[in-house]
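For clarity, every value in this text was computed on a predicted model and none was experimentally measured. So that the names make sense, note that chain A is the first sequence line, chain B the second, and so on, each numbered from 1.
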Amino acid sequence: MSISSCIAIRADVDIITARQRGRDLGVELGFPKTDLALIATAISELARNILTYAGEGEIEIALEDVGGRRGLVIVARDQGPGIADLALALQDGYSTSRSLGIGLPGVRRLMDEFDVVSEPGSGTVVKATKWQ
Amino acid sequence: MSISSCIAIRADVDIITARQRGRDLGVELGFPKTDLALIATAISELARNILTYAGEGEIEIALEDVGGRRGLVIVARDQGPGIADLALALQDGYSTSRSLGIGLPGVRRLMDEFDVVSEPGSGTVVKATKWQ
Amino acid sequence: MSIPILKHGRTLIVSLQSEPTDAEFVELQHELAQRVTTTHANGVLIDVTALEVLDSFATRTLREIGQTVTLCGARAAIVGVQPEVAFAMAQLGLSLDGMLTALDLEEGLALLHAQPGVGVVT
Amino acid sequence: MSIPILKHGRTLIVSLQSEPTDAEFVELQHELAQRVTTTHANGVLIDVTALEVLDSFATRTLREIGQTVTLCGARAAIVGVQPEVAFAMAQLGLSLDGMLTALDLEEGLALLHAQPGVGVVT
Ligand SMILES: Nc1ncnc2c1ncn2[C@@H]1O[C@H](COP(=O)(O)OP(=O)(O)O)[C@@H](O)[C@H]1O
Ligand SMILES: Nc1ncnc2c1ncn2[C@@H]1O[C@H](COP(=O)(O)OP(=O)(O)O)[C@@H](O)[C@H]1O
């Protein structure tokens with residue numbers, strides 16, 4: 001069983017590859033169909049943010065096992081411009097592009113755990129976990 | 001081939017002249033039909049803002065060539081009151097007139113590059129580019 | 001009035017041939033409301049096939065025309081929006097929400113006549 | 001164009017078989033607006049049965065397709081949204097507000113034909 005997978009995000013096809021990979025790992029771990037859709041959607045939003053705001057980066061998908069409790073972890077990582085005002089970026093409807101502005105707050109709702117580390121100039125790391 | 005054109009905006013007919021001129025230059029440059037409509041619409045919004053908020057000003061339409069990559073540039077320039085809160089003015093639905101408030105954010109969506117320089121008291125310059 | 005309004009049965013038809021100025025659009029709005037009442041029309045068709053741009057002002061005015069005409073007891077439909085124009089409007093964030101739309105004059109007439117209260121009286 | 005558009009009477013049918021890229025979605029939007037006008041279609045059905053994800057970009061584009069097609073004078077319906085996909089969309093905060101939706105192609109066709117002005121003219 002593959003326990004970790006890393007997908008470089010450089011073009012829009014990579015978004016599809018990344019969410020497909022997330023789905024596959026979710027299936028291996030035995031996640032129900034509803035969770036698979038939530039995971040794939042979350043990956044899609046994070047991968048598109050990398051492409052839109054940082055130009056390129058990577059999505060890592062891994063199995064986490066904390067005292068027998070298993071989860072699927074998505075880590076979205078880029079060396080882009082970072083997010084100046086995180087509180088604002090996490091608000092529904094806030095967007096600095098022509099987009100809907102529900103990516104980050106939406107992913108937070110889709111997943112069980114959600115964490116962003118970002119500083120202007122030093123890129124962005126988003127970590128989101130779905131427990132089984 | 002004309003590479004630059006400047007239209008004074010003083011009355012509502014000038015809006016039509018300006019967008020027609022933008023279309024013509026776009027045709028000369030070989031832009032596809034869809035882009036011509038986007039360019040003409042962007043010019044229309046910017047020219048009307050000049051008329052509504054500054055009373056008068058000008059629209060410059062020019063060809064830009066950056067290392068062989070060609071684009072059409074719209075510059076809307078006025079000596080009007082300027083925009084006090086740019087972040088607010090760029091939000092969908094914000095308007096200080098009885099208008100729809102989607103001019104500026106809309107033009108940003110229509111074009112590839114978009115830039116506003118404005119200070120209260122010293123007028124407004126909007127620059128928007130469509131790449132080929 | 002520079003924009004001609006034709007009458008076909010109980011439908012008023014406006015074919016916008018060249019790009020109207022803002023002032024002409026507003027004049028059209030007044031004029032149509034008057035005409036609906038005086039001529040007892042129950043439908044208004046506005047043909048925008050020839051227009052290469054429908055910006056936020058034009059769109060707002062068309063929507064207001066739809067509302068005005070409806071208040072006067074008729075129905076209005078916009079016909080002939082070109083695909084590039086529709087695409088640009090959608091990008092700008094504009095729609096003709098709440099208005100009837102059709103491909104061309106013929107279909108617009110059929111659509112108006114399919115509206116309750118419009119088709120019955122001819 | 002990588003996504004095929006079929007014509008059935010006056011309805012254009014798009015069956016999204018594999019997940020389209022962002023670029024393909026935008027191309028579809030252009031293409032459908034053109035086709036509605038050139039083929040005189042009055043309805044557009046987009047079948048998303050095969051899609052496992054409809055994220056914010058896809059949803060926004062589908063909504064824009066609905067607006068564009070409506071502006072051109074036709075009606076668009078989305079059919080086959082899977083229950084898991086619908087659930088994820090709702091969690092994300094997305095809806096297809098303002099669009100027609102149906103279970104499958106057959107019901108979608110019936111729904112389009114029940115729209116005023118779509119069913120009458122064939
Ligand atoms: N990877 C990233 N790098 C830099 N900025 C980002 C990144 N992801 C999100 N942002 C910022 O946070 C804002 C909100 O993001 P999101 O909620 O996903 O909405 P949207 O992508 O639709 O704008 C974005 O508009 C952007 O300014
Ligand atoms: N050229 C300008 N000069 C001064 N203020 C402007 C100018 N253009 C836009 N603004 C300000 O920005 C706001 C938003 O503009 P816009 O998005 O085009 O919407 P609208 O014109 O419909 O109000 C305007 O209401 C106005 O207050």
Side-chain angles (χ1 to χ4, degrees), chain B residues 9-27 31-53 59 74 76 90-95 97-112 114 128 130, chain C residues 1-3 14-31 33 46-68 71 78-99 101 103:
Chain B
I9 305 295
R10 284 195 204 93
D12 60 2
V13 282
D14 300 329
I15 301 176
I16 297 170
T17 309
R19 68 187 184 213
Q20 194 52 54
R21 207 69 71 75
R23 255 195 155 266
D24 292 348
L25 185 58
V27 169
F31 273 97
K33 237 181 145 185
T34 307
D35 283 348
L36 296 178
L38 300 180
I39 290 166
T41 307
I43 294 175
S44 203
E45 295 295 328
L46 295 177
R48 183 166 297 97
N49 276 358
I50 290 178
L51 212 57
T52 309
Y53 302 109
I59 296 273
I74 308 163
L90 287 171
Q91 268 174 33
D92 266 323
Y94 175 81
S95 175
S97 70
R98 48 161 303 209
S99 188
L100 295 177
I102 59 168
L104 289 181
V107 170
R108 185 189 219 165
R109 286 188 289 264
L110 294 173
M111 305 291 284
D112 296 324
F114 179 85
K130 187 80 186 171
Chain C
M1 176 68 187
S2 34
I3 302 172
V14 180
S15 271
L16 298 176
Q17 288 308 332
S18 60
E19 316 267 326
T21 62
D22 296 1
E24 283 170 339
F25 257 125
V26 173
E27 209 182 325
L28 179 65
Q29 186 180 356
H30 287 277
E31 191 68 19
I46 302 177
D47 187 356
V48 298
T49 307
L51 303 194
E52 291 170 334
V53 171
L54 283 172
D55 65 5
S56 63
F57 183 86
T59 304
R60 197 189 73 205
T61 312
L62 288 176
R63 285 207 295 234
E64 286 179 4
I65 288 177
Q67 287 161 3
T68 312
L71 285 171
I78 308 296
V79 306
V81 177
Q82 294 302 297
E84 303 79 33
V85 175
F87 183 76
M89 288 173 73
Q91 293 297 303
L92 198 58
L94 293 169
S95 71
L96 288 170
D97 269 5
M99 296 204 72
T101 51
L103 272 172

With a 4.5 Å heavy-atom cut-off, do C:V53 and B:I43 have their side chains touching? no
Given that the side chain runs from C-beta out, which part of B:R108 has a heavy atom under 4.5 Å from chain C: side chain, backbone, both or neither? neither
Enter the distance from C:E52:CD to B:K33:NZ here, rounded to the nearest 0.5 Å. 8.0 Å
Can you check whether C:A23's main-chain N or O pairs, donor with acceptor, with B:D12's side chain at less than 3.5 Å? yes
With a 4.5 angstrom heavy-atom cut-off, which part of C:P20 approaches chain B: side chain, backbone, both or neither? backbone
Side chain, backbone, both or neither: which part of B:R19 has an atom under 4.5 Å from a heavy atom of chain C? side chain
How long is the straight-line distance from CG of C:D22 back to OG1 of B:T52, given to the nearest 0.5 Å? 8.0 Å
Please confirm whether the backbone N or O of C:S56 pairs with a side-chain atom of B:E45, one donor and one acceptor, at under 3.5 Å? yes
At what distance, to the nearest 0.5 angstrom, does CD1 of B:I15 lie from CD of C:E19? 11.5 Å
Residue B:I16 versus chain C: region with a heavy atom under 4.5 Å: side chain
Euclidean distance, C:L94 CG relative to B:T41 OG1, rounded to 0.5 Å: 9.0 Å
Side chain proximity check, B:T34 to C:Q91, heavy atoms < 4.5 angstrom: no
